[in-house]
K.L.:
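Right, I'll just put the structure down here and ask away after.
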Amino acid sequence: MTGTGGKDMRRYRAVQGTEAGWQTEAVKTALRLFRGLFEKTDEEDEKTDASGEKTAVQEKGRICFPGFGIPVGNPTMADGQALEKNLKRVQRENGIIPMNSGLSAQEERCFTMEMPEGEGRFFVMLRMILEMNRALGLTKFIVAVPSVAARLSLEESVRKLSGYMTDLGYPDPEKCVFSFNSEHTGEISTRFVESKDLSVCIMNIQAFNRATNRLRAEDEYGQVLWEDICAVRPAVMVDEPCRIEGSGYSSKSLEAMKELNPLFTMRFESEPWKECNKIFSFPLKQALAEGAVRAPLAVPVPQKMPGEISEENPQAETEKQAETEKQAETEKQAETEKQTERIRAAVELHFQAQLSLFREGKRVKALTLIFTEAKKEQREKILAEFDREYIEAAARHQEELRPFFQTLQIPEAAGQPGAVRRVFLGLDRRGRERELDGWDSKESGSWRKRLTEDVNRGIGRLLREGEELKAFDRPESFLFVHPALREGCRNSNLFVICSLDTGSEYSCAREMERFLWPCEDQEGKAVTGGAASFFQIVGERGKRQEHFRGRPFEEGKAESLIQMAEWIQGLGEKGIAEAFSRLDTEEAAEVEACARRICTLLGCLEP
């Protein structure tokens, strides 16, 4: 197997409808970086036995007992100026100004790719691994992720993308990718160290650290699994290393990865805090400008401050809430009214989003996420309030929605509110739903460990069902999720996110910062533009990111908006119709979506 050349690059085929141009370029950048560096010879990596078959080279000092294999490592990568030459070339081609004049001794084989986190990045990571296996002959990869939730999300992405990759002739990702289990370390030996085929091990860094002692300990045959892992020299992919490393380079997680003596390390970061030989850059601002991710937009809802009451209770207002009991009752009433207003806004925005998608001819199912940490009794009241609001909103939009179900050939939405909502809580070991009281507590111990396991199982279920919920065959469109499961809320078909209680405000802010990748239609293809280019946050009072909110509105700019409105009004119905006739279908849909968005931001939910 020789190093990658022009023939290998020409063989690359993008996944139609799923792979964006920047993702293709990211994968090709990695291939160009290592072009010509993996020249395999019989003396180095493989030997030929009497039958003509190739076998792995036995490591020095390792005794191979009957029934046990020997480590099968990655091919050797050439050292010296070739790698540095390739690095400078790809940096120049991608317009990246290097921080250093050359490869530093400390980070000689550590490289950085900048791109938004989430599903789109996981696609790049998986396709890169498969292409390196095909073009470079690499077989051993370790993917380090910062949390259990990130591991579960990556596992779900592997299942989702498996069909696309096998259609392109790659090995089945579901067969060659597995997650590390500290309770079954032998799997590392059989599936990773001794395997001659492509093997990708996903490790969340916490589990990796806890199991380090087991990996380093000698087994009954005197073998040390840790030494075998180091011997195969895996290529390491690190997702969001800043979350793993913490504030500096002294973290135990980073030290453990360095001891692996990896063939190379590829860091995937959304905002690189330390430049480590950056080879690719697709920052969040550029992703937003090109429509690669959907921008979150805040929808303000009138808030009643504690102590205020509705106009329907003037007697309590005149008493000025002198008594403590009446003060508590008033605060409770204000909280209930706040939740009602947010539910009403979320339901209305959901119907508007679905209608906008239908008008643009997009067979996309809109989902709405509602955070609430309410316990069972209070949650039942919230669901009852939702049912009332849903029935009223459905009655208003039913006639307008019905024709689209026939023209777009999709099942008609369920009329009963109980069928369109789904509650997600934690799960115990038996798969039963569990309330997550104390999920944000700082306490530790066995109780905290069990609660964390229940949360992770709940996140796993939310991620698994997320793909199914994108289909119109599933009637559920409103997801009531406990905020402890926020890491599992990465569904690309979310169009409205609502926070009902104070505990969920932080979760909502997290979702605003995460951003969402392009939504998918019923065929699983990415959809962009028009109503599919953003999603909305109801009632968010957290910090607002500059890259999507911009600076505070200046009063002086209102004049230009007024002039624009007067100009449109001056056209009249005939002039507007004539202007629209000069647009194609896509342009007209985009204009309509923008007009509706303006009305929403200015407080007119029904333009």
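The shown structure was predicted, so the numbers you read here are calculated from the model rather than taken from an experiment.
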K.L.:
Can you measure from CG (L83) to CG (L33) and round to the nearest 0.5 angstrom?
P.N.:
5.5 Å
K.L.:
With S270, which of E117, E114, E240 fulfils side-chain hydrogen bond (donor to acceptor under 3.5 Å, both in side chains)?
P.N.:
E240
K.L.:
Does the ring pair (Phe, Tyr, Trp, His ring centres under 6.0 Å) test come out yes or no for F495 and F534, once each step is laid out?
P.N.:
CA-CA 7 Å; F495 280 83; F534 60 88; 7.9 Å; no
K.L.:
Return the minimal non-hydrogen interatomic distance between C489 and L494, and the atom names on each side.
P.N.:
O-CD1, 4.3 Å
K.L.:
Side chains of F282 and P116: does their closest heavy-atom pair fall under 4.5 Å?
P.N.:
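Result yes, sub-4.5 Å side-chain heavy-atom pair found.
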K.L.:
For F192, is there any backbone N or O sitting under 3.5 Å from a side-chain donor or acceptor partner on S195?
P.N.:
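Not confirmed, S195 side chain does not pair with F192 backbone.
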K.L.:
Give me the atom names and distance for the closest heavy-atom approach of V236 to P262.
P.N.:
CG2-CB, 3.6 Å
K.L.:
I'd like to know if the side chain of K140 reaches the main chain of A235, judged simply by a donor and an acceptor atom lying under 3.5 Å from each other, with no hydrogens or angles considered.
P.N.:
no
K.L.:
Should the pair K362-D521 be classified as a salt bridge under the 4.0 Å nitrogen-to-oxygen rule?
P.N.:
no
K.L.:
Check for a donor-acceptor pair, side chain of N491 on one end and backbone N or O of G466 on the other, with a separation under 3.5 Å.
P.N.:
yes
K.L.:
Taking R457 for the side chain and L427 for the main chain, is one N or O donor matched with an acceptor at less than 3.5 Å?
P.N.:
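A pair under 3.5 Å: yes.
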K.L.:
Does the distance from a Lys or Arg side-chain N to an Asp or Glu carboxylate O, for R159 and E156, drop under 4.0 Å?
P.N.:
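Here R159 pairs with E156 in a salt bridge, since their nearest N and O are under 4.0 Å apart.
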K.L.:
Just verifying a value: how many Å separate M132 CE and R127 CZ, rounded to the nearest 0.5 Å?
P.N.:
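Taking CE in M132 and CZ in R127, the distance rounds to 13.0 Å.
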K.L.:
Using a 3.5 Å distance criterion without hydrogens, assess whether the side chain of R233 forms a donor-acceptor pair with backbone atoms of N74.
P.N.:
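Such a contact is absent between R233 side chain and N74 backbone.
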K.L.:
Compare all side-chain heavy atoms of C201 with those of F141 and state whether any distance is below 4.5 angstrom.
P.N.:
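They are not in side-chain contact.
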K.L.:
Can you check whether F404's main-chain N or O pairs, donor with acceptor, with T407's side chain at less than 3.5 Å?
P.N.:
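A pair under 3.5 Å: yes.
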K.L.:
Quick one: CZ on F472 to CZ on R363, what's the gap to the nearest 0.5 Å?
P.N.:
7.5 Å
K.L.:
I need the minimum non-hydrogen distance between T166 and P173, along with the two atoms involved.
P.N.:
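It is CG2-CD, 4.2 Å.
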K.L.:
I'd like to know if the side chain of N86 reaches the main chain of R35, judged simply by a donor and an acceptor atom lying under 3.5 Å from each other, with no hydrogens or angles considered.
P.N.:
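Side chain of N86 to backbone of R35: a pair is present.
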K.L.:
Describe, in one word, how the ring planes of W517 and W22 are oriented to each other, choosing from parallel (under 30°), tilted (30 to 60°) and perpendicular (over 60°).
P.N.:
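The rings of W517 and W22 lie parallel, inter-plane angle below 30°.
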K.L.:
Parallel, tilted or perpendicular: which one describes the rings of F111 and F34, with boundaries at 30° and 60°?
P.N.:
perpendicular
K.L.:
Between V364 and Q354, what is the shortest heavy-atom contact and its length?
P.N.:
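That closest heavy-atom pairing would be O-NE2, 2.9 Å.
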K.L.:
For the residue pair R490 and E119, establish whether any side-chain heavy-atom pair is separated by less than 4.5 Å.
P.N.:
no
K.L.:
If I take atom CG from residue L154 and atom CD1 from residue I202, how far apart are they, to the nearest 0.5 angstrom?
P.N.:
4.0 Å
K.L.:
Could you walk me through whether L485 and V455 pass the side-chain contact (heavy atoms from CB on, under 4.5 Å) test, one step at a time?
P.N.:
CA-CA 6 Å; L485 311 182; V455 168; 4.0 Å; yes
K.L.:
Is R474 salt-bridged to E465, cutoff N-O under 4.0 Å?
P.N.:
yes
K.L.:
Would you say the side chain of R422 lies within less than 4.5 Å of the side chain of F478, judging by non-hydrogen atoms?
P.N.:
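A side-chain contact under 4.5 Å is absent here.
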K.L.:
Quiz question: by atom type and distance under 3.5 Å, do the side chains of N94 and T29 form a donor-acceptor pair?
P.N.:
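Judged by distance alone, the side chains do pair up.
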K.L.:
Looking at A26 and M115, what are the two nearest heavy atoms and their distance?
P.N.:
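Scanning both residues, the minimum pair turns out to be CB-CE, 4.2 Å.
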K.L.:
Quick one: does L198's side chain get under 4.5 Å of R134's, heavy atoms only?
P.N.:
no
K.L.:
Quick one: which of M237, M128, K278 gives a side-chain contact (heavy atoms from CB on, under 4.5 Å) with M113?
P.N.:
M128
K.L.:
Could you walk me through whether S492 and K470 pass the side chain to side chain donor-acceptor pair (under 3.5 Å) test, one step at a time?
P.N.:
CA-CA 9 Å; S492 59; K470 294 178 181 179; 3.0 Å; yes
K.L.:
Decide yes or no on side-chain contact (heavy atoms from CB on, under 4.5 Å) for F264 and C110, but give the supporting numbers first.
P.N.:
CA-CA 6 Å; F264 63 83; C110 182; over 6 Å; no
K.L.:
So among L126, V158, I142, I129, which one has a side-chain contact (heavy atoms from CB on, under 4.5 Å) with V200?
P.N.:
I129
K.L.:
Ignoring hydrogens and geometry, is there a side-chain-to-backbone donor-acceptor pair from N133 to G137 under 3.5 Å?
P.N.:
no
K.L.:
Do we see a donor-acceptor contact under 3.5 Å between the side chains of D172 and S162?
P.N.:
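A pair is found: one side chain offers a donor N or O, the other an acceptor, under 3.5 Å apart.
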K.L.:
Run E131 and L136 through side-chain contact (heavy atoms from CB on, under 4.5 Å) and show every step you take.
P.N.:
CA-CA 8 Å; E131 193 64 28; L136 307 179; over 6 Å; no
K.L.:
Please step through salt bridge (charged side-chain N to carboxylate O under 4.0 Å, His left out) for the pair E523 and K525, ending with a clear verdict.
P.N.:
CA-CA 6 Å; E523 287 72 40; K525 296 181 180 179; over 6 Å; no
K.L.:
Quick one: does F38's side chain get under 4.5 Å of P75's, heavy atoms only?
P.N.:
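Result yes, sub-4.5 Å side-chain heavy-atom pair found.
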K.L.:
Any chance you could measure N493, atom CG, to L367, atom CG, to the nearest 0.5 Å?
P.N.:
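Output value for this atom pair is 5.5 Å.
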K.L.:
At their closest point, which heavy atom of P518 faces which heavy atom of R294, and how far apart are they?
P.N.:
CA-CD, 4.0 Å
K.L.:
Side chains of K365 and S477: does their closest heavy-atom pair fall under 4.5 Å?
P.N.:
yes
K.L.:
One pair to check against side-chain contact (heavy atoms from CB on, under 4.5 Å): M125 and V143. What are the steps and the verdict?
P.N.:
CA-CA 9 Å; M125 197 180 297; V143 179; 3.5 Å; yes
K.L.:
With rounding to the nearest 0.5 angstrom, report the SG to CZ distance, C176 to R191.
P.N.:
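One gets 8.5 Å once the value is rounded to the nearest 0.5 Å.
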K.L.:
Is the closest side-chain donor-acceptor distance between E487 and S147 under 3.5 Å?
P.N.:
no
K.L.:
Between E520 and K160, is there a salt bridge with N-O shorter than 4.0 Å?
P.N.:
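Salt bridge between K160 and E520, a charged N being under 4.0 Å from a carboxylate O: yes.
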K.L.:
Heavy atoms, side chains only, cut-off 4.5 Å: are F268 and V124 in contact?
P.N.:
yes
K.L.:
Between N204 and R151 (side chain of the first, backbone of the second, donor and acceptor by atom type, cut-off under 3.5 Å), is there such a pair?
P.N.:
no
